[in-house]
Amino acid sequence: MAEINDHIQQFFMLESGLRALIASILVGGLCGLLGCFLVLRNMSLIGDALSHAILPGIVVAFILFGYSTIAFFGGSVIAGILSAFMITWMQRNIRVKNDAAIGIIFSFMFSLGIIGISWLSHHEGVHLDLKDFLFGNILAVEKADVILTLLMVGLVILMIIVFYRSLFVTSFQANLANTLGINANFIHYLTMLLLSLSVVASLRSVGVILVVSMLITPASAALLISDRLPKVLISSVILGMLSAMTGLLLSIAFDFPPGPSMAVITTFFYLIIMLFAPQRGLITKWKLKRTHEMREVVEDILKLLSKLTRPKNQTEKITLSDLATKSIHPTKKLKQYLRKLRELGLVVDDQDSIQLTNDGIQRAHELIRAHRLWEVFLVEKLGLDKDQIHEEADKFEHNFTEEEIREMDESLGYPERDPHGSPIPRRS
Amino acid sequence: MKLNQSYPIRIDGLSVAYNHKRVLTNIYLKIEAGLIYGLIGPNGAGKSTLFKCILNQIEPNTGEILLFEGTDKKSLTRIAYVPQKDEVDWQFPAIVEDIVTMGRFPYKKWYQSMNVFDNKLVLESMEQLDIVHLRNKQIGELSGGQQQRVFLARALCQQADILLMDEPFVGVDAKTEEKIIQILKTLALQGKTILVVHHDLDSVQNYFDRVIMVNQRLIAYGDTSVVFTKENISRTYSSQSTLLQKNY
């Protein structure tokens, strides 16, 4: 651990280390922000495509201006926009599937770029490291790169503020745009322009291949935890910055390559959110379902207890073995369910005797009432047969409030008996 | 009918083809203000295409559409469009209030925020459709009827002069359907123009002042009581090939 600390300390002693940290946090936030709109507009793959398609722009810029950060930047943006135009043009004018058009253009542009780079190194004797473009080289980030990235962040934020409503409408439903006075086409190309700029700004840190991860993973995670667009944007930015920073620190500590390290961390965050998100998380959903099932089982046992009690005196005690002979559940499980009923204050039990509390008697009463009313409903309103209804009613009886049951009672005209002839208890 | 009457929508010789396949042929229509129009026809008859042309999302091959007797694109913001249910991304991170507020967007420059008047209108529109208690719900959590009411509330909030609705009663409960029709009738009385794509032939007589029956061409058009006859219905819904045979 101490050794790792040393590693990190040494790293940030250097100015380049600090630059790398700032650059990656900026890139994480930038991609997180813009990524939300990409994901919402079903354009995730375009992010991937544009990042690959800028390579020939860099080659041309090198031929014309030599090794210059500004020239690379300009060349990349032009190549990106050009590809965006070609993709959109194909999608609108040629009979081609949307994702196929993306695939055709980006692989073509990427290949051109690679041929260009290898030609440069063979014929001009210059060495442009392809690996740096593919996977990023955050340690080589220069001051000019940081300033450019900062400018891009400013520009993207400004554009999102100015065009927020237009972006909202066109991401939600492009075909409403006209009637709300919005030029959907303009917004489409604006998004493409901002995307190209952001991708180019991110190249140094994560590289062509993994920039898509920074664009769409934090945004997808943010969509799982927020239900309004502003909240989605903010969560995505925070997640993006956190992933980039954590990824970079881990890469320094353990000597991982920084780009992939960031991509793995952002996916890790996504996974956690996918599992534990308050409403949409898998585990949350599973827990809810379990509680629900548990309630149904426990309430069925309550009903059974009430039935066992009735022939005798309401206050007489029932033994666990009484219950066990009538129930489909094994004794061990029954004990667990009884504990739950006791926690809910519906029964009191000691060593071997069980007794319903007043609340328990009341709830059992409600359940029986709901069950029998449902049976009437299923026969009279849905025309089901008498022998089909018991299981259905068993399911429904647990899931409705007293108020809803009362409404159903009213709409059925306050029936006296259920289809099997058993009396329907009135509300107590 | 008065001479020189001004029409909210005038369609002059409209034809549309996709990939050399004709979708709409030679449509002429004059839509009057203050009436509810039912747009009737089988699937693939070109009803949605007609809407898209009015919304300027498709360039017609021939003919033109005049809104308020002009071609100014700004007139488009005088239309409120209530989309078909499956056109909407119900997972989108927006709550009911966000959607209704969209109706105020055409009135705002980017630096102008919603003011007291806008907020009052948003609230009133939600009140009219009984969705105030749902204002903070994400749109995907609503029932079919509630979803439709949200979009109608947005249209009200937009205070548009023309209302285009694409199958608003699909997946909607009877109560909501009645409520929507009542609101449409009130709007018509206020002089708004309402066009509804509709499928349930049984309710046409009760719902619409006029019907437009299309099947790639205009089959019949006029007062519902006059035009909505058995003969016209069967002509509208007969297969397109027989139509072609008749024409050649």
Side-chain angles (χ1 to χ4, degrees), chain A residues 35-37 39-43 92-96 157-188 190 219-236 277-280 407 411, chain B residues 18-20 48 51-59 67 73-84 87-99 101-114 136-141 151 154-155 157-158 160-164 166:
Chain A
C36 294
F37 292 106
V39 171
L40 287 172
R41 302 167 84 89
N42 296 325
M43 279 168 45
R92 291 186 184 169
N93 296 296
I94 310 242
R95 234 176 101 157
V96 59
I157 291 177
L158 182 71
M159 288 293 119
I160 287 180
I161 291 173
V162 172
F163 294 104
Y164 179 78
R165 287 183 192 132
S166 306
L167 281 164
F168 176 86
V169 172
T170 51
S171 304
F172 177 53
Q173 255 202 314
N175 55 7
L176 287 179
N178 269 344
T179 65
L180 297 177
I182 291 162
N183 185 339
N185 235 346
F186 169 73
I187 296 295
H188 174 77
L190 178 75
S220 306
L223 279 167
L224 284 173
I225 47 178
S226 338
D227 55 9
R228 288 185 89 176
L229 187 54
K231 284 194 220 160
V232 171
L233 296 177
I234 292 168
S235 338
S236 180
Q279 280 171 26
R280 301 179 185 91
E407 273 176 25
S411 76
Chain B
Y18 293 131
N19 300 323
H20 305 290
S48 294
F51 268 17
K52 281 184 181 145
C53 289
I54 297 175
L55 293 169
N56 199 27
Q57 288 169 359
I58 295 179
E59 278 293 314
L67 294 177
K73 281 199 178 175
K74 279 195 185 127
S75 303
L76 284 166
T77 60
R78 293 172 70 179
I79 304 178
Y81 173 53
V82 176
Q84 237 177 72
E87 281 179 55
V88 178
D89 172 12
W90 297 105
Q91 302 287 321
F92 196 86
I95 58 173
V96 168
E97 198 172 349
D98 294 336
I99 303 298
T101 308
M102 281 168 73
R104 301 311 298 159
F105 286 5
Y107 301 94
K108 296 287 164 183
K109 294 268 191 300
W110 66 271
Y111 50 84
Q112 290 172 314
S113 54
M114 297 293 152
N136 290 318
K137 286 228 174 202
Q138 197 267 328
I139 49 173
E141 294 169 30
F151 274 92
R154 188 187 65 70
C157 194
Q158 194 183 333
D161 298 302
I162 300 172
L163 191 57
L164 300 186
D166 204 344

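Atom set for the values below is all heavy atoms of this structure, side chains included, hydrogens, waters and symmetry mates excluded.
- Rounding to the nearest 0.5 Å places CG of B:L76 at 12.0 Å from CD1 of A:I182.
- Looking at B:V88 and A:F172, their side chains come closer than 4.5 Å, going by heavy atoms from C-beta outward.
- Chain B forms more heavy-atom pairs under 4.5 Å with one residue of A:I161, A:L229, A:V162 than with any other, namely A:V162.
- Using a 4.5 Å cut-off between heavy atoms, B:Q91 does not touch chain A at all.
- Atom-to-atom distance recorded for A:R95:CZ and B:Y18:OH is 14.0 Å, nearest 0.5 angstrom.
- Remark: B:E59 CD is loosely packed, at most 12 non-hydrogen atoms of other residues, nucleotides or ligands lying under 6.0 Å away.
- Looking at B:D89 and A:S171, their side chains never come closer than 4.5 Å, going by heavy atoms from C-beta outward.
- Within the 4.5 angstrom heavy-atom criterion, no atom of B:I162 approaches chain A.
- For the options B:E141, B:M102, B:K74, heavy-atom pairs under 4.5 Å to chain A are most numerous at B:M102.
- Contact count versus chain A (heavy atoms, under 4.5 Å) is highest, among B:K73, B:K137, B:R104, B:K108, for B:K108.
- Residue B:I99 holds its CD1 atom at 8.0 Å from CD of A:Q173, rounded to the nearest 0.5 Å.
- Looking at B:F151, only its side chain comes within 4.5 Å of chain A, counting heavy atoms on both sides.
- Scanning all heavy atoms of the two residues, the minimum distance from A:S226 to B:P93 falls at O-CB, 4.2 Å.
- Proximity of B:D98 to A:F168: side-chain heavy atoms (C-beta onward) are separated by under 4.5 Å at one or more points.
- Residues of residues 174-181 of chain A lying under 4.5 angstrom from chain B, judged on non-hydrogen atoms, are A:N175, A:L176, A:N178, A:T179, A:L180, A:G181 by number.
- Between the side chain of A:R165 and the main chain of B:K109, a donor-acceptor pair closer than 3.5 Å is present.
- For a residue to count as touching a neighbouring chain, one of its non-hydrogen atoms must lie under 4.5 Å from one of that chain's; by this rule B:L164 does not touch chain A.
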